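Just below is one structure, and these are the notes that go with it.
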Amino acid sequence: MDDQPRLMHSSHGVGMAGHPGLAQHMQDSTGGADGEGRKQDIGDILQQIMTITDQSLDEAQARKHALNCHRMKPALFNVLCEIKEKTVLSIRGAQEEEPPDAQLMRLDNMLLAEGVSGPEKGGGSAAAAAAAAAAGGGGPDNSAEHSDYRAKLSQIRQIYHTELEKYEQACNEFTTHVMNLLREQSRTRPISPKEIERMVNIIHRKFSTIQMQLKQSTCEAVMILRSRFLDARRKRRNFNKQATEFLNEYFYSHLSNPYPSEEAKEELAKKCSITVSQVSNWFGNKRIRYKKNIGKFQEEANMYAARTAVTATNVSTHGSQANSPSTPNSAGDTSPC
DNA sequence: TGTTATGATTCAAC
DNA sequence: GTTGAATCATAACA
């Protein structure tokens, strides 16, 4: 780095101030014997550069040193830098204008929404919470699945951040390495600070691409996890026998109006160790299936009606309250819906 | 392995 | 938001 200004500007009084370049330099010098001598100098230098690879290492080192000390070297470097600069700009030109990356924005938004990037949302995602709520929100199995989901999401989050950190570190290390290398090489090659800056940008862009791939694969992992979690909701587990008994008991004892109130649903849910949503589902299914095939359910209806009658008798005998949950309608009806 | 039973989901109507 | 109806997915059973 320290050498750069030394290389770019002549200290030999050749008249390079204001960065005029070799052409300008030559134009200023045309005509006299001095101009002829300089042309000869340039020819010599170019010849030496062209043949340097044919020489032995020691010879090449000696020649390199001689070139570095040559009074025309700064002027030549300036010209080569200018040519390189113009060539690179004309080649890249429009290519360097990048449109804002919509895909990257989408990925960032998704990672943020899922709680993978950004601040941790209490160890889980809003999506998981919503899914858990939709699933009936609160059974023991469900909360276990939810915590499992959160644990796995946390794992993904951890891996994502570790990888991201690793990439950033690697990017910084590589950038520093390349910058040092280019600065070192700028002693012997025409490399301008602008070019180094451009190279750094290229490296950053490459690492951004890698980061995007990381984000993409993280998103995919979250999607897979989420779909597995949502699929798990569909896994059907039959209610235990006692729960079905409670539900049927209520249903057949309120056959004329099998629509439990919210309180009754809560009470049944508690008794059956299921959620209120499950109670609602059960009654929804039961009503429709009963209506579709009354004959098939007749035996069941009779059995529960008999049970209810026995319970009612016991209640009147012992003067105690019935065991079945409260209802807006009278118990013991047998007329369907 | 096919059939039935059953819990869950979706969607339209209210 | 609740309900009925259709449907899906899976457990249970013959």
Side-chain angles (χ1 to χ4, degrees), chain A residues 110 113-115 124-153 219-308 311 323-337:
Chain A
M110 189 193 155
E114 290 294 336
S125 78
D141 287 348
N142 190 278
S143 66
E145 277 169 13
H146 191 197
S147 67
D148 190 37
Y149 178 93
R150 282 190 300 184
K152 285 190 172 130
L153 191 72
C219 280
E220 278 166 17
V222 172
M223 284 285 107
I224 290 166
L225 177 67
R226 216 174 144 181
S227 72
R228 272 187 198 158
F229 176 73
L230 291 173
D231 282 350
R233 291 187 305 160
R234 297 186 74 90
K235 287 230 170 189
R236 198 176 61 78
R237 292 275 179 279
N238 286 359
F239 299 153
N240 64 42
K241 207 175 171 186
Q242 202 184 16
T244 315
E245 296 253 310
F246 280 133
L247 294 165
N248 273 317
E249 221 167 77
Y250 186 98
F251 180 81
Y252 287 112
S253 64
H254 300 84
L255 211 48
S256 65
N257 190 22
Y259 298 88
S261 64
E262 206 53 39
E263 292 78 30
K265 280 183 193 172
E266 279 170 21
E267 206 173 328
L268 279 167
K270 208 171 166 184
K271 279 173 79 177
C272 302
S273 303
I274 57 177
T275 67
V276 174
S277 303
Q278 285 175 307
V279 173
S280 298
N281 283 341
W282 189 92
F283 272 89
N285 286 323
K286 189 72 183 181
R287 280 192 297 266
I288 199 119
R289 284 161 187 165
Y290 180 85
K291 210 167 98 175
K292 270 185 181 172
N293 200 345
I294 295 172
K296 197 182 89 177
F297 288 99
Q298 198 55 58
E299 200 180 327
E300 196 177 59
N302 291 339
M303 187 187 83
Y304 280 101
R307 264 196 215 182
T308 308
T311 309
N323 198 27
S324 81
S326 61
T327 170
N329 306 95
S330 61
D333 291 326
T334 48
S335 52
C337 313

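Not measured: the values here are computed from a predicted model.
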Tell me: NZ of A/K286 to P of C/dT3, nearest whole Å? 17 Å
Looking only at side-chain N and O atoms, does A/K296 come under 4.0 Å of OP1 or OP2 in B/dT4? no
Rounded distance in Å - CZ (A/R287) to C1' (B/dA8): 15 Å
Contact under 4.0 Å: A/K265 side-chain N or O vs C/dT3 OP1/OP2: yes
Going by the salt bridge (Lys or Arg N to Asp or Glu O under 4.0 Å) test, which pairs reach into residues 273-284 of chain A, not counting sequence neighbours? none
How long is the line joining CD1 of A/I274 and C1' of B/dA8, in whole Å? 12 Å
The criterion is side-chain hydrogen bond (donor to acceptor under 3.5 Å, both in side chains); which residues satisfy it with A/N285, sequence neighbours excluded? none
A/K286 with A/E300: basic N within carboxylate O range, under 4.0 Å: yes
Can you tell which of B/dA8, C/dT3, B/dG7 lies closest to the side chain of A/Q278? B/dA8
Under the rule for side chain to side chain contact (heavy atoms under 4.5 Å, CB included), what residues qualify as partners of A/N238, not counting sequence neighbours? A/R236
How long is the line joining CZ of A/F283 and P of B/dG7, in whole Å? 12 Å
Just the atom pairs and distances: protein N or O near nucleotides 5-7 of chain C's N or O, under 3.5 Å.
| unit_1 | atom_1 | unit_2 | atom_2 | d |
| --- | --- | --- | --- | --- |
| C/dA5 | OP2 | A/K291 | NZ | 3.2 |
| C/dT7 | O4 | A/R289 | NH2 | 3.4 |

Between A/F283 and A/Y250, is the ring centroid distance below 6.0 Å? yes
Could you check which of C/dT3, B/dT9, B/dT6 has an atom nearest any side-chain atom of A/N238? B/dT6
Roughly, in whole Å, what's the span from CZ in A/F239 to P in B/dA5? 18 Å
Not counting sequence neighbours, which residues clear salt bridge (charged side-chain N to carboxylate O under 4.0 Å, His left out) with A/E266? List them please. none
With sequence neighbours excluded, what pairs up with A/Q242 under the side chain to side chain contact (heavy atoms under 4.5 Å, CB included) test? A/N240, A/F246
Phosphate oxygens OP1/OP2 of B/dA8: is one of them under 4.0 Å from a side-chain N or O of A/N281? yes
Interatomic distance, A/W282 CH2 vs B/dA5 C1' [rounded to whole Å]: 13 Å
